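Beneath this line is the structure, given in structure tokens, with notes to follow.
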Amino acid sequence: EDPEIEEHDDHIEVNGVIINKPFVEKPVDADDHNIAIYYPSSAGGGCKKLFRKVGDRSSEFYPEINEIRRDGSYIYEEFIETQGTDVKMYTVGPDYGDAEA
């Protein structure tokens with residue numbers, strides 16, 4: 001059964017659960033590395049798309065994109081601010097995480 005999704009300026013609601021922006025949208029397919037981060041209007045809105053590194057770039061910001069993708073299956077998670085440090089998570093469990101900065 002398809003989830004019930006409502007979009008608002010600063011959050012989405014998935015099956016009654018509110019997820020505030022900024023949030024991360026990841027494809028369910030782990031081989032698909034096209035990840036998006038959606039920002040709230042208070043931060044200027046927009047979407048940063050992350051992808052496998054091409055040359056010296058691994059992301060691009062789109063100020064006009066504020067709506068989630070509807071062309072597949074996605075996981076939505078809270079975006080955790082790192083003050084500009086790139087963090088790569090390898091393993092996440094209920095009480096731990098293994099990462100590299």
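Sequence positions, counted from 1, serve as the residue numbers for this chain. If you're wondering where the values come from, they're calculated on a predicted model, not measured in any experiment.
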Under 4.5 Å between side-chain heavy atoms, hopping through other hydrophobics if needed: is there a path connecting Y74 to Y62? yes
Whether over 12 other heavy atoms sit under 6.0 Å from E4 CD: no
Show your working on side-chain hydrogen bond (donor to acceptor under 3.5 Å, both in side chains) between S41 and D9 and close with a plain yes or no. CA-CA 7 Å; S41 58; D9 287 342; 5.6 Å; no
Report the distance from atom CG of D2 to atom OG of S73, rounding to the nearest 0.5 Å. 8.0 Å
With hydrophobic residues grouped by side-chain heavy-atom distances under 4.5 Å, do I65 and F51 end up in a single group? no
Any Lys/Arg nitrogen of K48 or E60 sitting under 4.0 Å from an Asp/Glu carboxylate oxygen of the other? no
Do any N or O atoms from the side chain of R69 and from the backbone of D71 form a donor-acceptor pair under 3.5 angstrom? no
Is there a path of hydrophobic side-chain contacts, each under 4.5 Å between heavy atoms, that joins I19 and Y38? yes
Hey, is CD on E67 packed in by over 12 heavy atoms from elsewhere, all under 6.0 Å? no
Work out which heavy atom in P22 is nearest to a heavy atom in Y39; give both atom names and the distance. CB-CD2, 4.1 Å
To the closest 0.5 Å, what do you measure between CD1 (I37) and OG (S59)? 8.0 Å
How many angstroms lie between CG in L50 and NZ in K26, if you round to the nearest 0.5 Å? 11.0 Å
Closest approach of S42 and D10, non-hydrogen atoms and distance? N-OD1, 4.4 Å
Are I68 and I5 side-chain neighbours, meaning at least one heavy-atom pair lies under 4.5 Å? yes
Could you tell me if the side chain of I75 sits less than 4.5 Å from the side chain of P27, heavy atoms only? no
Same cluster for F61 and F79 if Ile/Leu/Val/Met/Phe/Trp/Tyr side chains link at under 4.5 Å? yes
Spacing of CG belonging to D56 relative to NZ belonging to K53, to within rounding of 0.5 Å: 7.0 Å
For the pair R70 and E7, find out whether any cationic side-chain nitrogen is under 4.0 Å from an anionic carboxylate oxygen. yes
Ring geometry between Y76 and F23 (parallel below 30°, tilted from 30 to 60°, perpendicular above 60°): perpendicular
Atom of A36, atom of C47 and distance for their closest heavy-atom approach: CB-SG, 3.7 Å
Within the distance-only criterion (no hydrogens, no angle test), does the side chain of K21 pair as donor or acceptor with the backbone N or O of N66 below 3.5 angstrom? yes
With rounding to the nearest 0.5 Å, note down the distance linking CD in E6 to NE2 in H11. 7.5 Å
